[in-house]
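Every heavy atom of this structure was used, including side-chain atoms; hydrogens, water molecules and symmetry mates were not.
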Amino acid sequence: MSFDQVLSAKQKALEINLNPHIYGTFAEIGAGQETVRFFYRAGGASGTLAKAMSAYDKDFSDAIYGKEEDGRYVTEERLKKMLDHEMSLIEQRLNHETHKDKLFFTYANTVTTIDFTKTYKGHGWVGIRFRNDPNQKEYNEIIFHVRFKETSAQLQQETLGMMGVNLIYGAYFYNDNPRRLLRSLYDGLDNDQVEIDMVNFSGPRFAYVDNRLMSLQLVKNGMTDAVIFGPNGKNFLPAAVLYKKNIFAMRGSFRPVTLVNVDMLESSLETFMAQEDVNEEDTEILFEITLSNLSSDGEIDERDFLDRADIIGSLGYNVIISNFSEYYKLVHYFTEFTRNSTKIGLGMGVNNLLEVFNPNYYENLPGGIMEAFGKLFKKNVVVYLYPYFNKEDNVLLNAENLKVNENLKELYKFFKFNQRIRDIENYNPAYLDIYSRKILEQIGKGEEGWEGNVPTGVAEMIKDRGMFGHSTTYALN
């Protein structure tokens with residue numbers, strides 16, 4: 001088989017069925033036995049299928065996998081319970097000596113498809129636990145979350161089945177190339193049929209895999225518009241992180257994070273947190289990097305991406321990678337998971353706000369800039385503006401004296417009057433002379449003097465790990 005050849009789901013199922021070593025179980029809840037039926041129909045399934053089941057009734061399902069106290073069954077926790085239970089049964093019931101050449105697996109999914117009124121399109125969790133070496137004691141695992149886009153339950157079921165076959169096939173035939181494996185999940189499918197917004201690889205076969213890079217691949221390949229991961233590098237389900245939360249987001253290149261970024265965040269949060277019904281427990285803080293920012297020099301430099309992510313993580317913050325060049329798309333994305341009373345804060349500098357008020361960014365939007373602003377400045381959305389000192393004119397630019405296009409002046413005044421654009425008052429004037437591009441240039445040249453312009457510990461990390469082109473060889477010349 002050539003590298004680029006794409007097999008159909010039926011062909012993949014048959015190839016797996018004809019492999020004498022691959023053997024396992026299927027447990028599918030919520031949409032029927034959509035994956036396993038491909039294996040039944042392909043023929044030769046008796047050598048692959050140890051068991052296939054669907055536990056639709058909650059009481060029966062609880063008796064098998066345990067009761068969910070919160071009443072939620074379409075969760076990652078439920079999926080893992082299914083994988084744990086089914087794999088333990090394989091190990092209990094099949095003698096290892098008799099089946100010593102078998103590559104055991106258990107595949108599971110728990111999903112809910114589109115509802116009767118078609119207002120809720122549905123979502124689900126899909127995963128596989130498997131061995132790629134019969135002598136291996138530990139199992140490998142791939143788990144991901146899907147959001148259905150199709151408007152028919154039957155179509156969603158078919159899509160789920162194909163994606164399940166692609167996962168099982170990829171686990172065995174592409175496990176040496178996780179990027180290829182990830183792309184193969186869409187074999188025979190289009191991005192407008194289903195979205196994968198979270199994935200995690202684990203186990204000895206994937207010990208070298210950085211799941212943040214897998215998240216990046218999801219956005220890069222158009223499988224989703226945004227991904228979120230934490231300080232420890234673990235990928236999060238956006239809905240789980242953002243659901244009913246107040247959100248404060250700050251966009252930037254963060255090459256590297258500077259004292260200006262920290263000052264913008266802390267001074268903005270002081271005002272943001274002072275609002276009614278806002279506190280630390282129910283607020284999610286996100287450092288956002290856009291895909292266009294990561295690929296500003298052409299191809300994405302993955303080492304550079306990880307350097308930025310590591311520094312943000314060292315400061316204890318979550319990162320969101322998005323494909324939203326325009327801010328209004330980011331806000332619209334947030335509102336998918338929040339309530340009407342949710343507060344959303346955006347920290348940005350003067351140059352960022354000027355871009356927001358640039359009509360050229362909205363030429364392809366039917367409603368133009370007015371439509372964009374209607375989505376951006378929704379109820380409870382506030383832009384916190386960090387000032388900029390213009391050395392040429394010796395002027396401090398802020399919301400009071402910022403000049404926008406003549407035809408947008410009144411609109412700007414409207415948002416400012418209604419407190420949708422607010423100046424950050426308690427900024428540190430000493431930081432206004434810090435520029436990330438200058439710091440990056442100094443780092444690349446091995447110069448001294450930039451260390452005091454980044455948060456504590458960041459300079460040491462950059463030097464120790466040779467981030468952003470830092471090299472001690474410059475200092476020796």
Side-chain angles (χ1 to χ4, degrees), residues 118-119 121 147 149 151 191-192 195 219 222 224-226 238 242 244-253 264 268 271-272 275 277-278 284 286 288-293 296 320-388 390 397-424:
K118 299 187 184 297
T119 56
K121 288 190 176 180
R147 297 173 71 190
K149 296 182 178 182
T151 56
N191 292 347
D192 59 3
E195 172 186 357
V219 181
T224 190
D225 287 321
L242 304 177
K244 293 185 178 181
K245 290 287 189 73
N246 299 305
I247 301 170
F248 186 90
M250 190 168 65
R251 173 178 292 183
S253 63
M264 181 187 299
S268 298
T271 305
F272 185 74
Q275 298 179 90
D277 299 325
V278 178
E284 186 63 42
L286 299 169
E288 186 213 11
I289 306 175
T290 64
L291 194 66
S292 58
N293 185 290
S296 58
I320 177 171
I321 304 297
S322 84
N323 199 25
F324 306 128
S325 297
E326 298 88 357
Y327 274 101
Y328 77 88
K329 292 182 179 179
L330 177 65
V331 170
H332 179 71
Y333 175 78
F334 287 154
T335 56
E336 291 184 37
F337 310 105
T338 57
R339 303 168 295 182
N340 290 332
S341 60
T342 293
K343 310 291 193 305
I344 297 177
L346 301 174
M348 64 177 73
V350 166
N351 290 333
N352 296 113
L353 188 60
L354 287 174
E355 287 183 3
V356 169
F357 277 84
N358 185 348
N360 295 333
Y361 279 90
Y362 315 105
E363 289 181 348
N364 296 324
L365 197 63
I369 196 168
M370 296 303 293
E371 180 181 344
F373 281 6
K375 294 179 178 180
L376 173 59
F377 291 103
K378 289 183 177 181
K379 182 181 179 182
N380 299 325
V381 176
V382 176
V383 169
Y384 295 87
L385 187 64
Y386 196 82
Y388 172 80
N390 187 326
L397 296 176
N398 55 27
E400 295 296 330
N401 58 7
L402 191 64
K403 294 181 179 180
V404 300
N405 285 359
E406 190 68 28
N407 61 330
L408 296 175
K409 277 187 176 181
E410 296 305 316
L411 191 60
Y412 176 81
K413 289 180 181 178
F414 172 81
F415 290 126
K416 187 175 179 302
F417 178 80
N418 287 280
Q419 295 289 296
R420 299 300 181 85
I421 301 174
R422 301 182 188 179
D423 274 319
I424 295 174

Discussion item. As a quick check of understanding, evaluate ring-ring contact (aromatic ring centres under 6.0 Å, His included) for Phe337 and Tyr333, giving each step before the final call.
Written reply: CA-CA 8 Å; Phe337 310 105; Tyr333 175 78; 5.2 Å; yes
Practice prompt. Looking only at non-hydrogen atoms, find the nearest pair between Ala226 and Ile320 and report the distance.
Written response: CB-CD1, 4.1 Å
Fill in: Side-chain heavy-atom pair Val382, Ile344 within 4.5 angstrom cut-off
no
Item to complete: Spell out, as yes or no, whether a donor-acceptor pair under 3.5 Å connects the side chain of Lys149 to the backbone of Asp192.
Response: no
Discussion item. Would you compute the distance between atom OH of Tyr384 and atom CD1 of Ile424 and round it to the nearest 0.5 angstrom?
Written reply: 9.0 Å
Worksheet item: For the side chain of Asn246 and the backbone of Val278, is there at least one donor-acceptor N/O pair under 3.5 Å apart?
Response: no
Item to complete: List the atom of Phe272, the atom of Gly345, and the distance in Å for their closest heavy-atom pair.
Response: CE1-N, 3.5 Å
Worksheet item: So, the side chain of Tyr362 versus the backbone of Val356: is there a donor-acceptor pair under 3.5 Å, distance only?
Response: yes
Item to complete: Would you sort out whether Lys121 and Glu195 count as a salt bridge (Lys or Arg N to Asp or Glu O under 4.0 Å), showing the intermediate values?
Response: CA-CA 12 Å; Lys121 288 190 176 180; Glu195 172 186 357; over 6 Å; no
Fill in: Which atom of Gly347 lies closest to which atom of Met250, heavy atoms considered
O-CG, 3.7 Å
Worksheet item: Where do Val219 and Ser322 come nearest, in terms of heavy atoms and distance?
Response: CG1-C, 4.2 Å
Practice prompt. State which residue, out of Thr290, Asn293, Asp225, Ile289, fulfils the side chain to side chain contact (heavy atoms under 4.5 Å, CB included) condition with Ile321.
Written response: Ile289
Item to complete: Indicate yes or no: at least one non-hydrogen side-chain atom of Lys375 is less than 4.5 angstrom from one of Glu326.
Response: no
Worksheet item: Would you say the side chain of Asn352 lies within less than 4.5 Å of the side chain of Tyr327, judging by non-hydrogen atoms?
Response: yes
Practice prompt. Keeping the roles fixed (side chain from Asn398, backbone from Glu400), state whether a donor-acceptor pair exists under 3.5 Å.
Written response: yes
Worksheet item: Once you round to the nearest 0.5 Å, how far does OG1 of Thr224 lie from CG of Asn191?
Response: 10.0 Å
Item to complete: Output yes when a side-chain donor or acceptor of Asn418 lies under 3.5 Å from a complementary backbone atom of Arg420, and no otherwise.
Response: no
Practice prompt. Indicate yes or no: at least one non-hydrogen side-chain atom of Met370 is less than 4.5 angstrom from one of Leu411.
Written response: yes
Discussion item. With a 3.5 Å distance limit and no angle check, can you tell me whether Tyr412 reaches the backbone of Lys403 through a side-chain donor-acceptor pair?
Written reply: no
Worksheet item: Aromatic rings Phe415 and Phe373: how do their planes relate, parallel, tilted or perpendicular, breaks at 30° and 60°?
Response: perpendicular
Worksheet item: So, for Asp423 and Ala399, which heavy atoms are closest and what is the spacing to 0.1 Å?
Response: OD1-N, 2.8 Å
Item to complete: Measure the spacing between CG of Leu376 and CG of Leu330 and express it to the nearest 0.5 Å.
Response: 9.0 Å
Response to the item:
CZ (Phe357) and CD1 (Ile369) are apart, to the nearest 0.5 Å, by 7.0 Å
Worksheet item: Does any non-hydrogen side-chain atom of Leu286 lie less than 4.5 Å from one of Leu242?
Response: yes
Discussion item. For Lys343, is there any backbone N or O sitting under 3.5 Å from a side-chain donor or acceptor partner on Asp277?
Written reply: no
Worksheet item: CZ/Phe417 to CD/Gln419 distance, rounded to the nearest 0.5 angstrom?
Response: 9.0 Å
Worksheet item: Can you name the one residue among Leu385, Thr271, Val383 that meets side chain to side chain contact (heavy atoms under 4.5 Å, CB included) with Arg422?
Response: Thr271
Discussion item. For Glu406, I'd like to know if atom CD has over 12 heavy atoms of other residues, nucleotides or ligands within 6.0 Å.
Written reply: no
Discussion item. To the closest 0.5 Å, what do you measure between CZ (Phe324) and CZ (Phe334)?
Written reply: 8.0 Å
Discussion item. Are Thr342 and Lys244 packed together at the side-chain level, in the sense that at least one heavy-atom pair is separated by less than 4.5 angstrom?
Written reply: no
Worksheet item: Can you name the closest pair of heavy atoms from Thr338 and Thr335 and give their distance?
Response: OG1-CA, 3.2 Å
Worksheet entry | Side-chain heavy atoms of Val331 within contact of Leu346, under 4.5 Å | yes
